[in-house]
Amino acid sequence: MPGRKARELCPTIQFVGGHFPEYQRLGDAVIAVLDDFTPLVERVSIDEAFLDVSGSVHLFGPPRRIAVRIRERVSNEIGLRLSIGVARTKHLAKVASQVAKPDGLVVVEPSDEQVFLDPLPVGLIWGVGRVTEERLRQAGIVTIGQLASTASPILEHLLGVVNSAKLVSLAASIDPRRVGTARRSKSVGAQAALGRQLAAPPLVRDTLGFLADRVAGRLRECDQGGRTVTVRVRFPGLRSVTRSITLGAPVSATLSLTELANQLVDSALTDHPDEREITLLAISVSNLCNETPVQLELPLPLRTAGVVDSPSSATGLARRDTDRSVDAIRQKFGRTSVGYAAVLFSNGRRVPDEFRELVEHPTRR
DNA sequence: TCTGGGGTCCTAGGACCC
DNA sequence: TCTGGGGTCCTAGGACCC
């Protein structure tokens with residue numbers, strides 16, 4: 001239930017804060033246990049991972065035995081209850097773990113795959129959400145078995161060619177995905193819910209400054225920049241619009257990102273003059289590429305052509321220096337030790353930084 | 001009835017080039 | 001000058017996942 005609704009119903013309610021660093025620590029501890037059983041661990045989120053144990057069976061016994069031991073260890077050493085699904089493919093394992101929840105173990109033998117899947121609701125398939133489930137239901141398709149036996153032209157009409165091909169494969173237990181190491185991320189973003197406020201320039205400016213500070217900082221942390229900047233503006237009623245621009249060169253400077261985001265949000269607001277209030281602002285940077293730090297010792301050609309933060313322009317150099325100093329100070333003394341005033345006092349910080357970090361996907365260089 | 005923050009992937013239309 | 005085909009990239013929106 002939304003916090004606001006809860007307060008409405010119960011004005012004297014006490015909200016208890018989360019313990020974000022603790023969640024991170026426990027998640028890491030569980031992963032460490034998994035690492036003891038196979039090097040092929042693909043962490044999907046803070047509390048979920050795929051394991052390929054095909055090379056571990058001669059050490060630890062069959063997959064079921066491994067799953068039992070993992071559950072025992074996590075329970076004894078960490079005190080958490082773990083659900084595990086064991087199967088031949090990632091998708092089957094995922095579905096099995098869903099069925100196993102909470103605190104269970106479900107093993108799907110290769111010979112039993114269709115018997116296991118067919119009676120289950122289509123909503124358990126990875127990639128079938130509320131909308132798709134409803135669309136299928138209206139066509140009389142409720143179970144995975146029914147999906148698997150539906151003629152492809154019908155499904156393609158309902159869901160599009162690519163989606164229906166994917167779903168049919170999964171319904172028939174065909175899933176070529178391997179358990180892999182972490183992939184590099186394709187975008188980095190941040191958002192701030194504002195809870196219905198007038199779209200006044202100071203609010204927009206301060207919020208975007210805060211968000212750009214986070215996003216640009218994360219990009220620089222892994223020596224990356226992005227050519228495409230996208231903003232999202234959400235209006236009351238969950239109506240939202242996006243605006244994006246793709247540049248000739250990647251951005252990673254805080255001020256450059258802030259300026260671009262402001263321009264994009266301005267254009268979005270101008271296009272929707274009837275919307276006087278906004279409920280959320282977001283910035284995302286994609287089209288990522290490695291940005292090797294400029295070696296300042298080397299003489300740089302002086303160019304100031306239209307590129308946003310060209311490392312060789314005077315502005316680009318100044319911003320790079322500033323960002324680099326800020327990053328260094330923060331690394332030593334913490335995020336809040338230094339920053340732009342408007343950002344440090346912005347209302348973006350209603351969400352604890354620890355929570356944001358918790359849900360960040362690890363960014364690889 | 002609509003939390004909150006971080007992501008991925010697909011579709012469709014249009015601009016542009018050969 | 002007009003027609004037609006093929007490919008790439010960009011933009012906006014939406015479904016879905018944790």
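Computed from a predicted model, the values in this text were never measured in an experiment. A note on names: the letters A, B, ... follow the listed sequences, proteins ahead of strands, and every chain is numbered from 1.
Taking the side-chain hydrogen bond (donor to acceptor under 3.5 Å, both in side chains) definition, one finds that A/Thr279 meets it with A/Arg234, sequence neighbours left out. Contacts of A/Phe235 classified as ring-ring contact (aromatic ring centres under 6.0 Å, His included), with partners at least two apart in sequence or in another chain: A/His272. Applying the side-chain hydrogen bond (donor to acceptor under 3.5 Å, both in side chains) rule to A/Ser173 yields the partners A/Gln114; only residues at least two apart in sequence or on another chain are considered. A/Glu277 pairs by the side-chain hydrogen bond (donor to acceptor under 3.5 Å, both in side chains) definition with A/Arg196, not counting sequence neighbours. A/Ser54 meets the side-chain hydrogen bond (donor to acceptor under 3.5 Å, both in side chains) test with A/Asp52; sequence neighbours excluded.
Counting non-hydrogen atoms of other residues, nucleotides and ligands closer than 6.0 Å to CZ of A/Arg177 gives a total above 12. A/Gln331 CD: 12 or fewer foreign heavy atoms inside a 6.0 Å radius.
Atom P of B/dC2 sits at a distance of 25 Å from the matching atom of C/dC18, rounded to the whole Å.
In the region residues 77-90 of chain A, proximity to DNA chain C at under 4.0 angstrom, judged on heavy atoms, holds for none of the residues. Less than 4.0 Å separates DNA chain C from at least one heavy atom of each of the following residues of residues 124-142 of chain A: A/Ile125, A/Trp126, A/Gly127, A/Val128, A/Gly129, A/Arg130, A/Val131, A/Thr132.
At the heavy-atom level, A/Ile46 lies nowhere under 4.0 Å from the strands shown. Residue contacts for A/Ala282: at a heavy-atom cut-off of 4.0 Å it reaches no nucleic acid atom on any strand shown.
Comparing A/Ser45 and A/Thr242 against DNA chain C, the residue whose closest nucleotide sits nearer the 5' end is A/Thr242. Where A/Gln191 and A/Leu238 meet DNA chain B, the nucleotide closest to each residue was compared, and A/Leu238 sits on the side nearer the 5' end. In terms of position on DNA chain B, the residue among A/Gly195 and A/Lys166 whose nearest nucleotide sits closer to the 5' end is A/Gly195.
For residues 19-46 of chain A, every residue pair satisfying the ring pair (Phe, Tyr, Trp, His ring centres under 6.0 Å) rule, not counting sequence neighbours, is listed here: A/Phe20-A/Tyr23, A/Phe20-A/Phe355, A/Phe37-A/Phe60. Listed by first and then second residue, the side chain to side chain donor-acceptor pair (under 3.5 Å) pairs involving residues 31-41 of chain A are A/Asp36-A/Arg73 (not counting sequence neighbours).
Put simply, the side chain of A/Glu48 never gets that close to the backbone of A/Val44: no donor and acceptor are under 3.5 Å apart.
Between A/Glu275 and A/Arg239, the closest side-chain pair of non-hydrogen atoms falls below 4.5 Å. No side-chain heavy atom of A/Glu354 sits less than 4.5 Å from a side-chain heavy atom of A/Leu358.
For DNA chain C, the contact window with chain A, defined by any atom under 4.0 Å from a protein heavy atom, covers C/dC10 to C/dC18 in 5' to 3' order.
Every stem involving DNA chain B, taken as at least 3 paired positions in a row under the Watson-Crick or G-U wobble test at 3.5 Å, is listed here: B:5-18 with C:5-18.
Using a 4.5 Å cut-off between side-chain heavy atoms of Ile, Leu, Val, Met, Phe, Trp and Tyr, A/Leu280 forms no hydrophobic cluster with any other residue.
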